[in-house]
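Counting starts at 1 for both ligands and their atoms, in listed order. In this chain, residues are counted from 1 in sequence order. Basis for what follows: all heavy atoms, side chains included, without hydrogens, waters or symmetry-related copies.
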Amino acid sequence: MKITLIAGARPNFIKIAPIIRAIERAQRDGYSIDYRLVHTGQHYDDKLSKIFFEQLQIPEAHINLGAGSGTQAEQTARIMIEFEKDLLANPTDLVIVVGDVTSTMACTIVAKKLNTKVAHVEGGIRSFDISMPEEINRLVTDSLADYFFTTSQVANENLKKAGVNDEQIFFVGNTMIDTLLTHLPRTQKPVLWEELGLQSKNYFVLTLHRPSNVDDPEKFARWMQVLDTTGLPIVFPVHPRTLKNFSRLAQKPKNIRACDPLSYLEFIYLIKESKAVITDSGGVQEETTVLGVPCLTLRNNTERPETVAEGTNEMIGDDFVALSSALAKVKSGDWKAGKIPQLWDGRTAERIVHELLKLGAQ
Ligand code: UDP
């Protein structure tokens with residue numbers, strides 16, 4: 001079976017690493033399965049791409065489509081134009097897309113228009129918030145894909161409600177957690193730990209990059225103001241799309257220690273040792289649940305409701321007062337312990353490849 005695996009952005013790299021490892025293991029066991037890795041070039045900054053390939057031991061991509069930055073439409077168009085050429089030159093049995101980034105949607109459209117089957121890893125999750133670019137990517141991808149590898153029962157139900165048949169859905173768990181559990185013993189104390197005089201469980205971590213939080217300078221400044229009053233240091237690895245409004249803040253926060261995006265092994269160390277994480281990231285909501293670290297999500301909705309229902313995540317919405325009281329609650333040690341969702345056990349990629357081999361044999 002020939003597979004083309006698509007990765008374009010930071011969270012994608014974290015999700016494909018265990019799938020590649022599982023495919024290579026199946027090859028060593030004598031199964032006929034081969035892959036071609038396509039990097040769309042959506043994230044090209046070394047700090048969002050190269051370092052993840054190195055640390056997660058992902059083999060070099062067979063091709064980089066060089067999509068680069070631009071508006072949503074420019075990126076989508078460039079990825080589609082380049083991937084169409086690549087897929088025509090390298091026909092495959094199945095295209096695998098992961099997550100919910102522009103590359104996920106763009107490559108799905110191209111593959112289906114070339115009559116190629118598509119499998120979506122992390123299919124079926126929904127925020128039901130169409131103002132999020134990722135929700136549009138999820139809806140388009142899932143309306144076209146043939147197979148869905150899902151992370152939760154909620155995702156399964158969302159797909160069934162949309163008319164997907166049971167035989168197309170494979171509830172396998174979460175490949176992002178495979179990566180977390182594989183690399184947990186190798187995490188690295190970030191260089192800035194000593195510089196900032198950090199102490200275990202005595203600081204917060206902040207990540208923000210969703211348009212709804214960072215694009216409006218006033219709202220972003222207000223979040224910064226509220227967060228600056230916590231009395232504990234807040235480490236803030238600033239995503240490139242957040243940098244402009246952070247550097248324009250009229251009042252520089254005192255407790256918020258901004259730094260470049262961290263490598264995976266450093267970032268996981270940092271959140272594992274933190275008192276709590278404040279975020280709008282999808283993946284970070286999942287990682288904190290598995291690590292048992294309190295997570296305060298600055299959004300009105302989440303496509304990962306199991307992290308709230310079962311894990312350590314709470315939705316703060318757009319509510320500055322709610323953020324202050326949640327921070328006070330965390331500081332007093334009064335936060336739910338949470339448990340790990342079903343099948344988030346580090347063996348998801350193995351289950352995916354098992355299903356792929358069965359599909360290949362059909
Ligand atoms: N991450 C990282 N370094 C950082 C910030 C995040 O390695 O400085 C990792 C984090 O562990 C998670 C992933 O990046 O696995 C989340 O990526 P992002 O928030 O960009 O995407 P989302 O999950 O929101 O789609």
Side-chain angles (χ1 to χ4, degrees), residues 7-18 42-56 58 69 97-105 121-122 125-127 129 132-138 141 151 174-184 186-193 204-214 234-243 246 256-274 277-291 293 295 297-299 301-304 307 313 344:
R10 175 170 69 182
N12 287 177
F13 309 138
I14 298 163
K15 290 165 198 172
I16 60 155
Q42 185 185 335
H43 278 173
Y44 48 86
D45 187 324
D46 283 356
K47 293 193 184 74
L48 298 185
S49 177
K50 189 163 172 253
I51 185 80
F52 289 83
F53 276 70
E54 286 167 7
Q55 288 194 339
L56 305 181
I58 305 171
S69 55
V97 295
V98 300
D100 53 18
V101 300
T102 304
S103 305
T104 313
M105 174 188 71
V121 173
E122 204 185 271
I125 65 172
R126 296 284 183 273
S127 67
D129 176 359
M132 282 180 83
E134 293 84 355
E135 185 72 355
I136 298 173
N137 299 338
R138 292 180 200 119
T141 303
T151 51
N174 194 325
T175 60
M176 191 165 242
I177 302 307
D178 283 15
T179 297
L180 178 68
L181 298 179
T182 301
H183 295 279
L184 209 46
R186 305 175 52 226
T187 58
Q188 298 167 358
K189 194 184 264 196
V191 180
L192 53 76
W193 185 275
F204 296 116
V205 178
L206 171 68
T207 82
L208 288 180
H209 69 282
R210 299 248 112 78
S212 59
N213 281 319
V214 304
I234 300 183
V235 187
F236 184 22
V238 185
H239 193 283
R241 85 179 303 286
T242 311
L243 201 55
F246 186 76
I256 299 179
R257 316 291 161 82
C259 61
D260 284 341
L262 293 174
S263 72
Y264 183 75
L265 297 178
E266 291 178 301
F267 185 74
I268 296 298
Y269 185 99
L270 195 71
I271 60 172
K272 175 171 67 78
E273 295 301 321
S274 71
V277 177
I278 304 128
T279 193
D280 60 9
S281 159
V284 175
Q285 294 174 60
E286 300 178 332
E287 290 161 344
T288 44
T289 272
V290 172
L291 294 170
V293 171
C295 181
T297 298
L298 305 190
R299 285 174 47 188
N301 44 61
T302 179
E303 59 291 330
R304 290 150 163 104
T307 61
N313 191 16
W344 292 20

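For the pair E135 (side chain) and S127 (backbone), a donor-acceptor distance under 3.5 Å is present. No donor-acceptor pair closer than 3.5 Å links the side chain of R210 to the backbone N or O of L298.
Relative orientation of the F52 and F13 rings is tilted, given thresholds of 30° and 60° on the angle between their planes.
Scanning all protein heavy atoms for the shortest distance to atom 9 (C) of ligand 1 gives I14 CD1, 3.9 Å. Remark: minimum distance from atom 16 (C) of ligand 1 to any protein heavy atom is reached at S281 OG, 3.7 Å. Protein heavy atom closest to atom 1 (N) of ligand 1, with residue, atom name and distance, is F267 CD2, 3.6 Å. P11 CG, 3.6 Å is the protein heavy atom nearest to atom 25 (O) of ligand 1. The protein atom (non-hydrogen) at minimum distance from atom 11 (O) of ligand 1 is E287 OE1, 2.8 Å. Looking from atom 14 (O) of ligand 1 to the surrounding protein, the closest heavy atom is R10 NE, 3.4 Å.
Considering backbone and side-chain atoms alike, G283 places an N or O below 3.5 Å from some N or O of ligand 1.
Paired with T289 under the rule side-chain contact (heavy atoms from CB on, under 4.5 Å), one option of T307, I177, V284 passes, and it is T307.
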Q: Before giving the answer on side chain to side chain donor-acceptor pair (under 3.5 Å), spell out for N313 and T297 the whole-Å C-alpha distance, their side-chain angles and the decisive distance to 0.1 Å.
A: CA-CA 7 Å; N313 191 16; T297 298; 2.6 Å; yes

Q: Applying side chain to side chain contact (heavy atoms under 4.5 Å, CB included), run through R304 and E122 and close with a yes or a no.
A: CA-CA 11 Å; R304 290 150 163 104; E122 204 185 271; 3.2 Å; yes

